[in-house]
Each structure stands twice: as structure tokens, then as C-alpha cells.
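Only one structure is covered here, and it is reproduced in the block below.
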2 protein chains.
Amino acid sequence: MAEKGITVKKNENFSEWYTQVIQKAELADYTGVSGCIVFRPYYYAVWEKIMDLVNARIKKYSVKNAYFPLFIPESLLIKEEEHVEGFAPEVAWVTHAGKTKLNEKLAIRPTSEAIMYDSFSKWIRSWRDLPLKINQWSNVVRWEFKHPVPFLRTREFLFNEGHTVFATEKESLKEQDWVIEMYRYICEDYLGIYSMIGRKTEKEKFAGAVFSVSLEHFMPNGKAIQGPIFHHDGQKFAKAYDVTFLNKNEKKEYAWQNTWAISSRMLGVLIYSHGDDKGLVLPPKVAPNKCVLVPILIKGKEKNVLKKCKDLNRNLKKFDCIFDDSDYSAGWKFNQWEMKGVPVRIEVGPKDVEKKQVVLVRRDTGEKLFVKESEMVKKIEELLLDIQNNLYKRSKKMALDNMVDVKDTKELKKAIKDKKLAKAFWCGDQGCEEMMKDQTGGAKILNMPLNQPKKFGKCVYCGKDGKHLAYIAKSY
Amino acid sequence: MAEKGITVKKNENFSEWYTQVIQKAELADYTGVSGCIVFRPYYYAVWEKIMDLVNARIKKYSVKNAYFPLFIPESLLIKEEEHVEGFAPEVAWVTHAGKTKLNEKLAIRPTSEAIMYDSFSKWIRSWRDLPLKINQWSNVVRWEFKHPVPFLRTREFLFNEGHTVFATEKESLKEQDWVIEMYRYICEDYLGIYSMIGRKTEKEKFAGAVFSVSLEHFMPNGKAIQGPIFHHDGQKFAKAYDVTFLNKNEKKEYAWQNTWAISSRMLGVLIYSHGDDKGLVLPPKVAPNKCVLVPILIKGKEKNVLKKCKDLNRNLKKFDCIFDDSDYSAGWKFNQWEMKGVPVRIEVGPKDVEKKQVVLVRRDTGEKLFVKESEMVKKIEELLLDIQNNLYKRSKKMALDNMVDVKDTKELKKAIKDKKLAKAFWCGDQGCEEMMKDQTGGAKILNMPLNQPKKFGKCVYCGKDGKHLAYIAKSY
């Protein structure tokens, strides 16, 4: 158990605050390998919840889970040019087994297109075998050389990889809707994180895709983070990996493919989004324990209080309530469970026993409520719902409050300097995109909202006719 | 879809039979990396079922899932001597990231003791932090140089790793009971595979453990396979990785540890145990689809039959029934779904529609039953139960029928030559153990049943007083 609460404020030293929350709330642990973290049980449970949500939803759409090897032979990885160029600098290579040098070095998957599509190419023969819809829960390795940040930028991370194959472009494009809605529902309705949904630019799209649609999340420190993503690959990988099928006329055609993913980086986005000076704040729907029951023990009156707590606890099972009857002080326990983000605290002291009441404390607002014992369960249910909604509302408000329409480079620079999220028109030229980045010290186009306006203003950089409305911010 | 049925008989060419079942029933696929296979969706679902069973059971015993890194720095791996000696020859090493050579080479986990216990050492401070019970679902790599066999001996495989830490030896030893019972229940009650439970010899125990208790399974080809296992580590790892705690008297003590695992090799054991000349046979409790509905279409009468099948199918959802209305012939479908091991086939032809009946065919025995439509669901339920029991009974009978009590080397050699499972007394001397192996061309002591007799005969090799009853067979 951690010994002290968080000692810095979120808005004063964001990065130190984050490090403390992660360690003191026992969410992650550093290891001997830089950039590789331990997902500790309490927080890994949130990832398991995300897995459950994805598994339930993909089942509805007939996507099946499978498992492909961790290793990709070099010769296979390099088949799709753009793809390998995107990943080559970050690939971890296995060169030896025991003391034996391998004939061909093996990539640890940075993602599984190469190894999966090699199999798909064998599996798919005719239109009868399509669509083929596979999902995999993977650990992947991308050896980034930037400063690692637990959950947000780790060299090994966890994700789902949906890989689907269709006979027609139309069908493949249609898939975007339910996939994006699944991710929106997880991010917004469960994790309570406001999501900006839009198409990535050519420059920022996935290496090898035709286009990518992302969910982007704006953080209280003025930076955005890319969340889950959908890639339409067209026939690009099909051509590289020979994923073909015989159509109803017995003619060979290349298949159409998509890939989509949500990663463990969302666990970092969650901390950033909701955490406060006391530590983590968990949305009830994903909290492993929705409440904690703390007896207030005063000498001579322990017995009654503990007995009452035991009775009450029987009705709290469905909240996976923690009954903390350890021998730490009540104050220590309050800090501890606040730090770990438990949505509701239930306090019971001798006076409460007398009055047949309990005290409920909301983690999100700190509000304290005195509630009759008989109404406890109902009230907790209401509170959980309200906390869930409140966290999302806050997250959305924070993002919208920080959105600034900018018309020219000067305004853009100011917005970025002020740690805002800029909304601007863009002509679509990659030169302008790069200059924006230069001028702002690294802000980039996050994505271009799916709902584009009917009329466009002038390009924020060159002043020519705009073709896209774009979100621009610094990004992790 | 596979094109032809299995073309060899299980008892004539076991290894070719296995290869065909795996490929034609679409259970696994080979890849460009020797010894690394694809777990295809239909069969990966059985692994998911095993995961669910373990997850549900460990939750009852307050074991929590977590995730530790794939990479273990060399310096960490070598801390426990016996452990590293056991694994060193099989470790896959990462030496480069992109084009950069790493300062220290990184092992891909062959198992996670080293990386986990390094963290445990930091997490555990006092007796209050114990017991600590962690489980992880891992992909691990052991670069065996023997001939790989899909599922049974692969270089990457999947397993659960339970890693538990206790304050006292007594508590740690007590854990064995529920862990072994969990594995027995999965192997016998779900997978239908008879299990011989016993302690491994010093020679065969896990590298670094004090003792190991295994479930061993005897296969129809006369070889045994080690299934799930429980290791009691005593304080050996605690001493190597400094896993200590302050006891109630504020004195530092080394903790007591266990580890336990069930691996994806059970998917191979399952095929070996139940498969027949037609292909895979799945126990109903783990079959992703418990039945398949095949319409028998005769020209001019298709409409009635298809309509009837659609109606019937509504009541078959709870069996995850496949309604195969594809345009393949009925005969092709029969072969296909038999090959994939679906427990019950439902046939409906024009005559059945007239008579308001269906035909049910058991996969395990091939028995055909004519059943009234109105009794279909109830009868299928009965059949599934019966198939489940029958498969286990068969597996147990096969093992027991092949068990031979042997008294001396001559009998032992004969038993092994006849592909039997020998039961023999052993004096406990490692020299005798090694000589048995020599004399029999490789048979080894699988384990020593937990229920040992009260009196022991003479050692099968040296003729001195026996101290253990042991199972001896060739083993994968």
C-alpha cells in the first residue's frame, strides 16, 4: 500500500502528478526495461472491462477472435512498402535463440498485418469465404525512442486488432460505421472521455492504409491524444500479400480490407481526463470496485459499527464494494481509496449506527450525503449514474471550452501557445500542413471531423480556398 | 473450407492423421516461422473457454489478473541459477531495435518468474500485503530445437501463469488443493480427458521449484503428455529476487511462493484424446457450436425443408447451432462438420418434415436417432450430456486398459515396447531413474500419484526397497 497521498497539483506539475498517481494508486510499475511497464491488477481490470466490451460488440458483427504468432520473418514484413517504412525504425528484432544465431532475423509484431494476411491469402479461395472477420488481442512492440510515458507511450502495449476482408469496396467501407460507434461508445459512454471523430490527413494516416478515421481526445494540459482508430486499406495489402478470391464468375479479384484497434493507451487517457489532485477518478461503469465501505471506529464502540458494516456489506456485493476493515486509520483509508478513484465512499460511525443512516461521499465532487440505511442501495445506484454522466459532461465541456476558431497563422500560433485546440480550415496541401507544424512548434492536424461544414473558409496557412475543417493541437 | 476428409487412419499413421485434422478442420495454420502456429478462430474459441473457466475459478480464490512485460533483461533472468539453467538454451533474444544495437540483450519471457518477482519484491513490505495472488495470460517463447508439433510443442505458446506469495509455508502448501482441483475439473469435466495426478521427480520438476505436481494424460498412441502443473517454490525464488516481508514482530522474513499453469498444449491433447478417423471430436461443454442443422434438399421440395429448418433453428440458439444452408451437398456438409467435431448433427429432409421429426446423429458414436420435432431440444440436451460423459469414460478406460504393473526391468521394457503405461515401484534414486530411461529407449517417470499405497514393492530397476509408486511411459 502507498504511504502518502499525491504531493503535487495536477495543474502545476502535470507530469510529476501523473507519475505519482500511477505509482501511488498502484496502477502501473516501472521495470528494468525502459518503456515496458507492469499493468497492475487494480488497473488491469479496467483493460479487461474494455476487452469485454469489444468482445461483446464484435460478436454481434460476427467477428471471431484468433491468435497469430508474435514473430514475423523479415522477408514477410517488408512485402508492403509503405507499411514497413512506417514501422522499420521501431521494430525489435530477435536474432538469437539460446546461443544459436537464427538464419533469418524475426520481427516482434509491431502490428499483425504481415503475418495475418499471409494466412488470409491461403484461407480465402472464393467469394464463399468472404467476409472474413478476425480479431486478435495482442501485445505488440514498437521501440519508440522518444521519452516513454506509462500507458501513453510504451514500447510494449496491448490492443485489439480487427482485421476484416470483404469482396467489395462498398461492404468494406460500410464497416466503418459500427466500428467507430463501438469505439465511441467505449470511450464516451464507459470511459467518459469526449471524443473528436474524424479522418486523418494523408500524412498522419496509418502506414499502408488508404485512409484512417480516428477518435482524438483533448487533455487538460492542452495536448491531444489519438485514441482508437479505423483504417480502410482498400486493396493495398491485398496486392502486397496476394489476398484474392474467385468471384461468382470464377474471376480472380483482390479483396478489400480494414483494420481497427483500441489500445491500452486509453488507460493513460483515462487518468489524464478525470484524475484530480487527490489521484485517480474512475467512471463507475469501468471501476473494478464501485464503492468502498469504511467503518469509523471510536474506542469502545467498534463492535456495533463493525457489526453494522458487515450487515450493510451483504447488500453491496453487486457494487463489488470493498469493505476496508484493515487496521489503518479512517483518514488513511479515505486518502487511499480516493487516490485509487473509487466512485463512492460509504462511511459508518457510531452516530450513524444510532441514526440508522450512512454517509455517502462522491469521488468526483467530494459531495457528502446523509442517507437512511434502507435507502442506501438505491441512492448509490443513483450516484453512480450521476457520477458517470458528470465525468463525461466535464470532459466534453473541457474540450469544447478549449476549442478556438482560428483564421490565420497568427491566431493559430496564439491558440497553440495558449494550449488550446484550434479549429481551422485547410487547403489540403501537405506543404501547408508541414508549415503549420513548424510555425507552432509541433502542433499537427489531429483529424478532420466526419461532419464537415457545407462552406469552407480560407486555409489557415496559405490563405487559399479551404477544403477541410481540421482540428489542430499538440499531440502525444 | 477444406476440400477432402481425413485420408489416413488414426491408428495407422498417427502423425499424418494429426496434421490432417489440424489443417482440414481449420484448427491451426503453419507460418513462416517454424514452430509458431496460428490458432484459428474455431479452435481458439476452445482456448477462450479454458480461459473463462480459469478466470471464474481464480476469482473465487481472490487471484487477480495483471500484465507484466514480454521482455526480461538478461541480468534479471539469471538471478535464480537453476531457473536460468533450465531455460537458457531455449531463450529467444532481442538484440536490436530498428538499426540500433541494445545495450543489454532482452529475453522474451519463457515464463515470468524473473520479471514478476522483481516487482513483487518492491510491492510487498509487510504481512499486510500478503497473500499476493497474481495471474497472467501470457504468450511465452521457448525455442525448442526438437521437431515442433502444432499445439503440443510450439516455440510460442499461450498459458496462464498463477504466481502467489504467502507469509507461511503452510498457507502456500494448502493452495495446491484448489489449484489442482481446478485443473482436474477443466481437464476431466470439460475437456473429457482422464488425468493422472501426482508429484514429479526431482529430475523432472520445474527449474527452480521445490516440488511440482502435474496432471499427466495418456494418449492412444502410447505416449503420455504433461498437462497443467502446480509448482511449490518454497523460498527459493524469494531468496533470489528478495521477496521479503516484515512479519507481525517487525522481523524480515522470506515469503513462500507457488506458480501454476495450464497451456495451449491442452488443445493438442484434446485432438489426440478424442479425435477419430473422421477428424476432431469435441466435448459438448467446450464445443463452440454444439450442433449443426443440415437441410436435406431434394429437387422441388427445397422450400418446405428450408422453411422448417428456419423454424427449428429458432429453438437452437442456445446450442450456438450452425444452420448450414450453403450450396454444398448434404454429404459434403456431413463430412465437413464431422471433421470439425460438432457434437450433434440435425438432419431434416422432406420425409422428416412430413412426419414432424428430425434425425439426430451423435458425433462420438455415429448413432442415429429419429426424434419428434417437439422433443428435439430436450433430446439434444440429453445427447450432449451423454456425449460429454461418454468421451471422458472412453478416455479413462483407454488409460486404465493400458496400465500395466511391472516388477522388474524386463517387464518394464516390454510394457514400454508394447506402448503401455507402466506402474512401478521406485527406490527414489536418480541413478535408477536415469537407467530406466536408458533401458526403455526414453520412457520416463511421469509422476508419482498423490495417493501412494501404504506398502511398497521393490524398485523396478535396482530391486532395493521401493519408496514411491510411479507412472512410467514415453512422453512428449
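Numbered from 1 within each chain, the chains take letters A, B, ... in sequence-line order.
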Where does [X] contact chain A at under 4.5 Å (heavy atoms): side chain, backbone, both or neither?
| X | value |
| --- | --- |
| Gln136(B) | neither |
| Arg155(B) | neither |
| Trp93(B) | both |
| Leu70(B) | both |
| Ala88(B) | backbone |

Distance-only donor-acceptor check, side chains [X] and [Y], under 3.5 Å:
| X | Y | answer |
| --- | --- | --- |
| Asp324(B) | Trp337(B) | yes |
| His83(A) | Glu85(A) | no |
| Glu113(A) | Thr111(A) | yes |
| Asp242(B) | Tyr117(B) | no |

* Geometric cation-pi criterion Lys133(A) and Tyr61(A), 6.0 Å radius, 45° cone -> no

* Over-ring placement of Arg128(B) relative to Tyr328(A), 6.0 Å and 45° cut-offs ->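 Checked: cation-pi criterion met.
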
Quick one: which of [options] has the most heavy-atom pairs under 4.5 Å with chain B, could you say?
| options | answer |
| --- | --- |
| Leu76(A), Ile72(A), Thr154(A), Leu106(A) | Leu106(A) |
| Gly32(A), Ser326(A), Gly98(A) | Gly98(A) |
| Phe71(A), Tyr67(A), Trp143(A) | Tyr67(A) |
| Ala92(A), Ser126(A), Ser264(A) | Ala92(A) |

* Asked: Does Val46(A) reach the side chain of Pro288(A), with side-chain heavy atoms less than 4.5 Å apart?
  ->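 Yes, at least one pair of side-chain atoms sits under 4.5 Å.
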
* **Under-4.0 Å salt bridge between Asp29(A) and Lys122(B)** => yes

Among the listed options [options], the residue most often paired with chain A at heavy-atom distances under 4.5 Å:
| options | value |
| --- | --- |
| Val33(B), Val38(B), Thr100(B) | Val38(B) |
| Tyr43(B), Phe68(B), Phe87(B), Trp47(B) | Phe68(B) |
| Ala28(B), Cys36(B), Ser75(B) | Cys36(B) |

* Minimum heavy-atom distance between Glu90(B) and Glu144(B), given as atom pair plus value -> OE2-CG, 3.9 Å

* **Minimum-distance pair of heavy atoms, taken over all atoms of Trp127(B) and Asn247(B)** =>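 Closest heavy-atom pair between Trp127(B) and Asn247(B): CD1-C, 3.6 Å.
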
* To do: Kindly indicate, with the supporting measurements, whether the criterion ring-ring contact (aromatic ring centres under 6.0 Å, His included) is fulfilled by Phe157(B) and Phe151(B).
  => CA-CA 8 Å; Phe157(B) 61 91; Phe151(B) 299 120; over 10 Å; no

Report which part of [X] has an atom under 4.5 Å of a heavy atom belonging to chain B: side chain, backbone, both, or neither.
| X | answer |
| --- | --- |
| Tyr30(A) | backbone |
| Ile124(A) | neither |
| Thr31(A) | side chain |
| Pro73(A) | both |
| Glu48(A) | side chain |
| Tyr44(A) | side chain |

